[in-house]
Amino acid sequence: MPVRSDKGNSGILNTGKDGPLNEELKHTPLYDLHVELGAKMVPFAGYEMPVQYPAGVMAEHKQTRTKAGLFDVSHMGQVVLRARDPDDAALALETLVPVDVLGLAEGRQRYGYFTNEGGGIEDDLMIANRGDHLFLVVNAACKDADLARMRAALEPQVTVKLIRNRGLLALQGPAAVEVLAEHHPGVRDMRFMDVETLPIAGAECWVSRSGYTGEDGFEISVPEAATADLARALLAHEDVSPVGLGARDSLRLEAGLCLYGHDIDSDTSPVDAGLTWAIQKVRREGGARAGGFPGADRLLAAMAEGPARKRVGLLPDGRAPMREGVQLFASQEADRPIGQVTSGGFGPTIGAPVAMGYVRADLATPGTGLFGDVRGKRLPVTVAKLPFVAPGFKR
Amino acid sequence: MKYTEEHEWLDLDGDVVTVGITAHAAEQLGDVVFVELPDIGTSVTRDDEIVVIESVKAASDILAPIDGEVVEVNEVLVEEPGKVNDDPEGDAWFFKLKIEDASMMDDYMDEAAYKAFIAD
C-alpha cells in the first residue's frame, strides 16, 4: 500500500521499516518519556519527535479542544537578546522585523516575522519583553539561519544567545489554566500574550499565555533537567494527555494559523498572507519608526496597493482532503489555476476536510465556489473565513 | 488467507477474492478519514492503483493484487472511513475481484510469512 509521494506529508507507512535514518537526529529532554508513552517517533527539523501517541491524531486533537493537551515543543529555538539598555535591544531587533518591539510592554509578548529584501518572510516568531531582555521563540527548521541573521545584524551591541539548556512545553486547551493553576495559581490572572517568570514544580519557568492551537493555554520554558518532571506532573492530571505533531498540525490549521515553509515562506508577502496586523502603526508609512526593516519599501508599497492574491480558508464540499500543492481553478474547464492549497487535511473538530491556500484576490470572498484538482479530478471547494474554529483565547 | 508486501489481505472464495488492509497497515496509517473506491465492473491489472485511502496525515493507494474485474465494493467505508481502523481484517474489506487465474495467489505470503515480514 504505497504512500503517495506526491502528497506532501509522506511517510506514515514509511516509518519504522526503513531502518536507521542516515541523518543524525537530536533528542529533546522528553525523548525517553515519548518512547515510554508509546509515541510514534519521526524525524522533524533535525529532531526525533512524536507524531502521535497510541490515542491517535483524531483523539489527541479532540482532547486538546475539549480538555487539555501537552505538547513537546523543545525543538523550537529559544533565544535571548540583551543589551546594556533594553531599549537598544528592542530597537536593534526592529531592524529585522516590522514589529513595534520598543513599544512592547514588559511582561507582554507579540507575534512577528523576519522579512527579507524582497518583502518576503524568512521566519515567524514570538517576541517577549522579559524586562532586562527580549525572549524569542523561533521555528526549529529556521533557528540556525535566524541566529546567523541576528548575530550578523545585532552584535556586538546586542548579545544573541541560543538557550540550549531549557525545554519548551505547550499546555493547550480549555482545561489548561486550571491544570497549571494547581502548580501556580498566578497563571489564572495572566491574559492572552502575558509572560511571567513563575516557580512551577520546583523550577524557574518562563510562562506565556499563548499557543498554536486556537485554544487558551500556556507555553512554558523550563530548565532542561526539570522538563521531564514537569511534563510528568502535568500529565498526571486526568484532564491532560500528550499530543503529537500530527494533531498540532490539524489544530493550528483549524485555527487558521500559518505554518512556516508551507503557508508562508521567503517568497510570501505578509500582505498576501493577511499578516499585516502584526505591523503596528508606528512601523507603517507615516509612523514614527516607519520602515527600517529588510524589504520595507516593497512591503509598505504592497500594503498601499493591496494584495494580488490572498490567503483564505478552503472547505472542500466532499470528503476528499485537499492537501498541500492541490491546484485551484475558477471552473471545471479553466486552463489556468487561480491559486493553490498550502496546508490541508482533515479537521477533526469540523468533522470534514479543511484547507488553506492562496487564491486570486477577486476570488477570495468567503462563499466563492472554486475547484481543486485532486488526483486529476476537479472537486468543488468553497472559500471560507479563517479561523474554522472560534479561538478560546483569554483576552 | 494470503498477504501482500503492500499490506493487503486476500481472501479467496471460488473465483472471487476479497481485499482489505492488514491491522498492521491500519495502525501505521492512523485514523482513516477518506476512502475512494473503484467502480463496479472495472477491469483491473495487477498493481493498478484502484483505491485511495487518506488518513489524518497521508494519502495511500491500494493496488490490485491480481488481474480481474471489480464485482463488489464496500460502500460503507465511503460514509464511515473510520471503520478501516475499527475492523480492518473483518467488516472493513475494500473490494471483491473476480479473477481468472487463481495461481497468482501463490505469489503472496501466508500468515506466518507476513508476520515475519512485518516483524523485520
Side-chain angles (χ1 to χ4, degrees), chain A residues 1-19 38 40 42 44 51-62 244-251 253-254 316 318-326 344-348 350-354 374-377 379, chain B residues 3-10 19-39 47-65 75-86 88 92 94-95 114 116-120:
Chain A
M1 196 174 43
V3 171
R4 298 185 77 97
S5 54
D6 56 344
K7 286 294 168 285
N9 296 313
S10 67
I12 292 211
L13 268 202
N14 288 339
T15 56
K17 285 198 58 116
D18 294 340
K40 185 180 294 179
V42 297
F44 183 82
V51 66
Q52 64 169 77
Y53 298 87
V57 174
M58 202 89 86
E60 292 167 27
H61 179 114
K62 290 176 179 169
L245 293 177
R248 182 169 161 84
D249 193 49
S250 55
L251 287 158
L253 175 57
E254 283 185 343
R319 288 172 178 273
M322 293 189 186
R323 298 187 190 266
E324 181 176 3
V326 164
F346 188 81
I350 303 297
V354 293
V374 179
R375 295 179 281 270
K377 286 183 206 152
L379 304 180
Chain B
Y3 298 85
T4 73
E5 292 191 1
E6 305 294 349
H7 307 284
E8 296 151 25
W9 54 261
L10 317 177
V19 179
I21 66 168
T22 64
H24 170 76
E27 196 261 321
Q28 291 291 313
L29 272 176
D31 303 300
V32 173
V33 296
F34 174 73
V35 171
E36 188 176 273
L37 297 167
D39 294 330
D47 291 345
D48 283 356
E49 296 164 355
I50 59 171
V51 172
V52 176
I53 308 181
E54 298 218 22
S55 74
V56 278
K57 280 306 280 179
S60 309
D61 294 302
I62 296 183
L63 310 182
E75 290 286 355
V76 173
L77 300 186
V78 174
E79 293 300 315
E80 297 176 64
K83 278 197 181 295
V84 176
N85 299 103
D86 297 338
F94 284 84
F95 56 87
Y114 178 70
F117 172 72
I118 58 174
D120 270 348

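These values consider heavy atoms only, across backbone and side chains, with no hydrogens, waters or symmetry-generated copies. Computed from a prediction, not measured in an experiment: that's the story for all the values here. Proteins get letters first, then strands, A, B, ... in listed order; numbering begins at 1 in each.
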| query | Per the side chain to side chain donor-acceptor pair (under 3.5 Å) rule, which among B/Glu79, B/Glu36, B/Glu54 passes with A/Arg319? | reply |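 Only match with A/Arg319 under side chain to side chain donor-acceptor pair (under 3.5 Å): B/Glu79.
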
| query | Does some side-chain heavy atom of B/Val56 sit less than 4.5 Å from a side-chain heavy atom of A/Ser250? | reply |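 Not touching, per the 4.5 Å side-chain cut-off.
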
| field | Value rounded to 0.5 Å, distance of CG in B/Asp31 from NE2 in A/His61 | value | 11.5 Å

| query | Quick one: side-chain hydrogen bond (donor to acceptor under 3.5 Å, both in side chains) partners of A/Glu60, sequence neighbours excluded? | reply | none

| B/Ala59 to A/Arg323 - nearest heavy-atom pair and separation | N-NE, 4.2 Å

| Closest-packed option against chain B by number of heavy-atom pairs under 4.5 Å, given A/Ala352, A/Pro353, A/Pro321, A/Pro348 |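 Going by pairs under 4.5 Å, I would pick A/Pro321.
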
| said: B/Tyr114: which residues meet the ring-ring contact (aromatic ring centres under 6.0 Å, His included) condition with it, sequence neighbours left out? | reply: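 Partners of B/Tyr114 by the ring-ring contact (aromatic ring centres under 6.0 Å, His included) criterion, ordered by chain and then number, come out as B/Tyr3, B/His7.
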
